[in-house]
Structure formats: C-alpha cells, structure tokens
There are 2 protein chains.
Amino acid sequence: MGKKTKEKILEAAKRAFAKKGFNGVSVEEIASMAGVNKAVVFYYFPKKEDLFAAVWESSIDELEEHIFKDVEGESLYIRKIKKLLRSYIDFVRNRKEIMKLIEREKASVLDSDEENDKIRLKLKNRYRSFVGRIISLLNEAKRRKEVDSDLPSKEVAGIITDSIGSMVFHPDVSPEMIEKVVLRFLGRR
Amino acid sequence: MGKKTKEKILEAAKRAFAKKGFNGVSVEEIASMAGVNKAVVFYYFPKKEDLFAAVWESSIDELEEHIFKDVEGESLYIRKIKKLLRSYIDFVRNRKEIMKLIEREKASVLDSDEENDKIRLKLKNRYRSFVGRIISLLNEAKRRKEVDSDLPSKEVAGIITDSIGSMVFHPDVSPEMIEKVVLRFLGRR
DNA sequence: ACGAAATTTTACCATCCGGTCAGTTAAAAA
DNA sequence: TTTTTAACTGACCGGATGGTAAAATTTCGT
C-alpha cells in the first residue's frame with residue numbers, strides 16, 4: 001500500500017511551503033503535488049493555516065529530534081554540544097527542504113501578534129521551546145564549568161541557530177568552518 | 001509641500017512588506033496606507049515586483065550606509081569592527097521596520113532561482129555586495145593581524161549578519177550581549 | 001452481502017488581486 | 001490663451017484563490 005493520503009499532503013505541503021512560502025503557494029498547487037484533489041486537502045486540514053501548522057510542528061519535531069538524538073550518548077557537556085553542532089550541520093546539509101521552510105517562515109511565525117492568531121502563537125512557542133532546549137544545554141555546560149561561565153546562553157543559542165540555520169541559503173559558506181568557529185569560541189580560554 | 005507621492009508609496013510599501021511580506025500584502029493595501037489611488041501605484045511602479053525591488057534596494061542602501069558610516073573615522077581595524085557592530089545593533093534597535101523587512105524576505109531573495117527572475121537576482125547581488133563589504137573589512141583586519149588570522153571571514157560575516165539581524169524577532173535577547181560576545185570572540189587569544 | 005462510515009470527486013461560489021484603460025485635472029510650456 | 005505633458009481617478013477585467021456542499025465511491029465491520 002502506498003503512503004496514506006494525509007502523509008502525502010503533508011509532504012507536498014512541506015516542499016511547497018519551503019520553496020515559495022505560505023502565501024506563495026495555493027492549496028490547489030499543493031494538492032496537485034500530492035496527487036490528490038484540492039477538496040481532499042480541506043477534508044484533512046479545514047484551513048490552509050491548519051495545514052501550515054501541521055507542517056511547521058512536524059518540521060520542528062524532526063529538527064529537534066535529529067539534533068538531540070546523539071546528545072544523550074555523551075556524558076561530557078562539551079561533547080554533547082559538539083554532537084549537537086555536528087548533527088545540526090548534518091541536518092542543514094541533508095534536509096535542506098525543512099531548513100528552507102523554517103528559515104523562510106521563521107520571521108512570520110516569530111512576529112505573530114500576541115492577540116492575533118492563537119494558532120500562530122502556538123507555532124511560535126513550539127520554536128521557542130526548541131531553542132530553549134539548546135539554552136538549557138548551554139546553561140548546564142556552564143554550571144559544570146565546561147564552557148566559559150559568563151557566556152550568555154540565550155544569545156549564544158541564538159547565534160548558533162541563526163547562523164547555522166541560514167547557511168541553507170549560503171551555499172558558499174562551509175558548514176564545517178562554522179562548526180570549528182563555534183566550537184573554538186565555546187572553549188574556555 | 002508634503003512628501004512626494006512616489007516617496008509616500010515607497011514608505012508605505014516598506015511598512016507593509018515588513019509586516020506581512022511580499023505575498024501577504026496587496027497593492028491596494030499599500031495604496032491606501034500611502035493615501036493614494038491603487039492605479040497611481042502602478043503608474044510609478046508598473047509591477048508589484050518593481051515596487052518590491054525599489055523597497056529592497058533602498059533598505060539595503062540605508063542599512064549599509066548606517067553601518068559603515070562611522071567605520072572610516074577609525075584607523076585601527078579592530079575599532080572599525082567595533083564601530084560596525086555598534087552601528088549594526090543601533091540600526092536593529094531603531095529601524096526595526098527595515099530589519100523586519102530584510103529578515104522576512106531574505107530567504108526568498110537569496111533563494112531566487114538563477115534562471116528565474118532577473119530582477120530578483122539583482123536584489124540577491126545587492127545583498128551579497130553588502131555582506132561582501134563586511135567580509136573585506138574582516139579580511140583586512142586579519143591581514144593586519146588585528147583579528148585572529150585563521151578566522152574564516154566569510155563564515156564570521158555570516159554569523160554577524162544573521163545573528164544580529166534576527167535579533168529583531170527576539171525581543172528578549174540583549175543586543176549588547178551579542179556585541180560583547182562577538183567582540184570577545186574576535187579578539188586574539 | 002449489506003449498510004454505515006470514511007474518503008474522494010465534481011461542481012460551484014464569493015472574494016480578492018494584479019493589472020489595464022479611458023478619461024479627468026492641473027500645471028507647465030508655447 | 002491654447003497646447004502639451006505629467007499626475008491622478010474610478011471603473012473594470014480575467015483569472016486565481018480559499019473554502020463549501022453534495023453527490024459518488026470506497027472501506028469496513030457485521
């Protein structure tokens with residue numbers, strides 16, 4: 001049996017949103033990419049926003065899972081961080097689509113107005129919880145004196161996610177270089 | 001005499017694109033924000049794309065001008081860089097609108113397909129030339145041994161622009177912290 | 001095999017959007 | 001004063017878009 005319809009729609013939507021952004025794609029376009037009728041998209045996702053929400057959450061899930069997968073295997077925090085960076089870069093290289101989706105829509109998700117969309121607010125919080133996990137990792141590493149204890153975790157986490165993430169649109173910057181730079185930067189001096 | 005019509009349209013478009021993105025705003029919306037008839041927008045900018053191009057180029061112009069304004073006043077390269085960082089952060093704080101515009105549309109501009117739009121390609125190159133100037137500054141500083149000579153300029157320039165730029169959507173990270181972090185990072189050890 | 005529930009298709013609608021155009025106003029040029 | 005040109009208006013067009021309703025088809029438990 002082939003993939004389930006809902007899954008096909010989600011994957012097509014992921015590709016479409018990544019390439020053209022939420023407002024740049026029509027539901028019909030997504031439907032035809034998924035090989036289904038437009039109305040069946042609305043059957044599974046009553047609003048276009050719902051479809052986007054599902055795509056966003058699944059994307060962050062996948063990113064977070066991949067990035068923290070190998071972290072638990074290490075006991076030293078500096079090595080956890082090293083693993084995280086390596087997985088992150090690996091993800092950017094191999095899952096360009098998801099990264100483009102995230103980079104392209106990040107602004108609109110993070111800028112969503114508090115009193116505006118409840119649904120967008122949830123997406124913003126999903127992203128923040130992802131960054132929050134990186135912050136916690138850095139905090140713990142600082143507590144254990146494995147990274148310089150007066151590096152501000154929040155800002156460093158931002159630097160990591162933003163600079164690695166946007167690599168996906170800079171084919172000429174080397175992911176390994178970024179990794180080396182960040183690592184050397186974290187080491188105490 | 002009030003502002004000229006074309007100028008009013010450009011400013012309204014800048015605000016609109018910053019808040020909702022290119023595909024999230026209609027020309028009519030922009031026109032009404034500018035207090036002019038929709039057709040007069042097309043009178044000055046035959047296509048919506050033309051309007052966006054004008055907004056983008058003026059935004060990068062403004063950013064670049066502001067960031068490099070005080071750089072020439074310094075002779076030491078490390079101080080030039082310090083000035084640049086400070087101006088950059090200053091810009092993010094005081095010109096949120098432009099930064100949101102840039103952050104929101106950066107993905108779509110940088111991802112523009114080579115054989116696709118000639119006009120988008122121009123915008124991509126405009127952005128690249130801006131980053132190129134930062135790279136040159138870093139290179140020169142390295143040549144003069146004022147910053148660690150084996151820091152890869154391209155990657156560091158990316159880290160600077162991406163992390164400072166996206167601060168505009170993270171009201172809880174401190175610009176000054178980023179500045180301190182980047183500066184300490186550039187210092188030779 | 002049968003009926004009910006889930007899924008898919010067809011046809012449709014109301015609205016919006018980018019863009020055009022014929023024509024008006026106002027100011028500058030002659 | 002007449003003519004010309006630039007700036008502006010309002011009405012309109014064709015196509016796209018998000019979304020809906022109902023019929024048709026498939027799936028599945030009994």
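First the proteins, then the strands, lettered A, B, ... as listed; each starts at 1.
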(message) I'd like to know if B/Ile159 and B/Ile78 are part of one continuous hydrophobic network [Ile/Leu/Val/Met/Phe/Trp/Tyr, side-chain heavy atoms within less than 4.5 Å].
(response) yes
(request) Please check if B/Ile119 and B/Phe22 belong to a single hydrophobic cluster, counting links between Ile, Leu, Val, Met, Phe, Trp and Tyr side chain heavy atoms closer than 4.5 Å. (result) no
(request) Kindly indicate whether a cation-pi arrangement holds for A/Lys6 with A/Tyr43, taking the cut-offs as under 6.0 Å to the six-membered ring centre and within 45° of the axis. (result) no
(message) If you assign each of A/Asn37 and A/Tyr43 to its closest nucleotide in DNA chain C, which residue comes earlier from the 5' end?
(response) A/Tyr43
(message) Can you classify the ring geometry of A/Phe130 versus A/Tyr88 as parallel (below 30°), tilted (30 to 60°) or perpendicular (above 60°)?
(response) perpendicular
(message) Hydrophobic cluster membership, with links at side-chain heavy-atom distances under 4.5 Å among I/L/V/M/F/W/Y: are A/Val131 and A/Tyr77 in one?
(response) yes
(message) Taking 4.0 Å as the cut-off, does a side-chain nitrogen or oxygen of B/Thr5 come that near to OP1 or OP2 on D/dA7?
(response) no
(message) Please give me the minimum heavy-atom distance between A/Phe17 and A/Leu51, naming the atom from each residue.
(response) CE1-CG, 4.3 Å
(message) Could you tell me how far apart B/Ile9 (CD1) and D/dA7 (P) are, to the nearest whole angstrom?
(response) 11 Å
(request) Identify whether any heavy atom of B/Tyr44 sits under 4.0 Å from a base atom; if not, whether one sits that close to sugar-phosphate; answer base, sugar-phosphate or nothing. (result) sugar-phosphate
(message) Across nucleotides 15-29 of chain D, 5' to 3', mark each nucleotide with B, S or - according to how protein heavy atoms within less than 4.0 Å reach it.
(response) --SBBBB--------
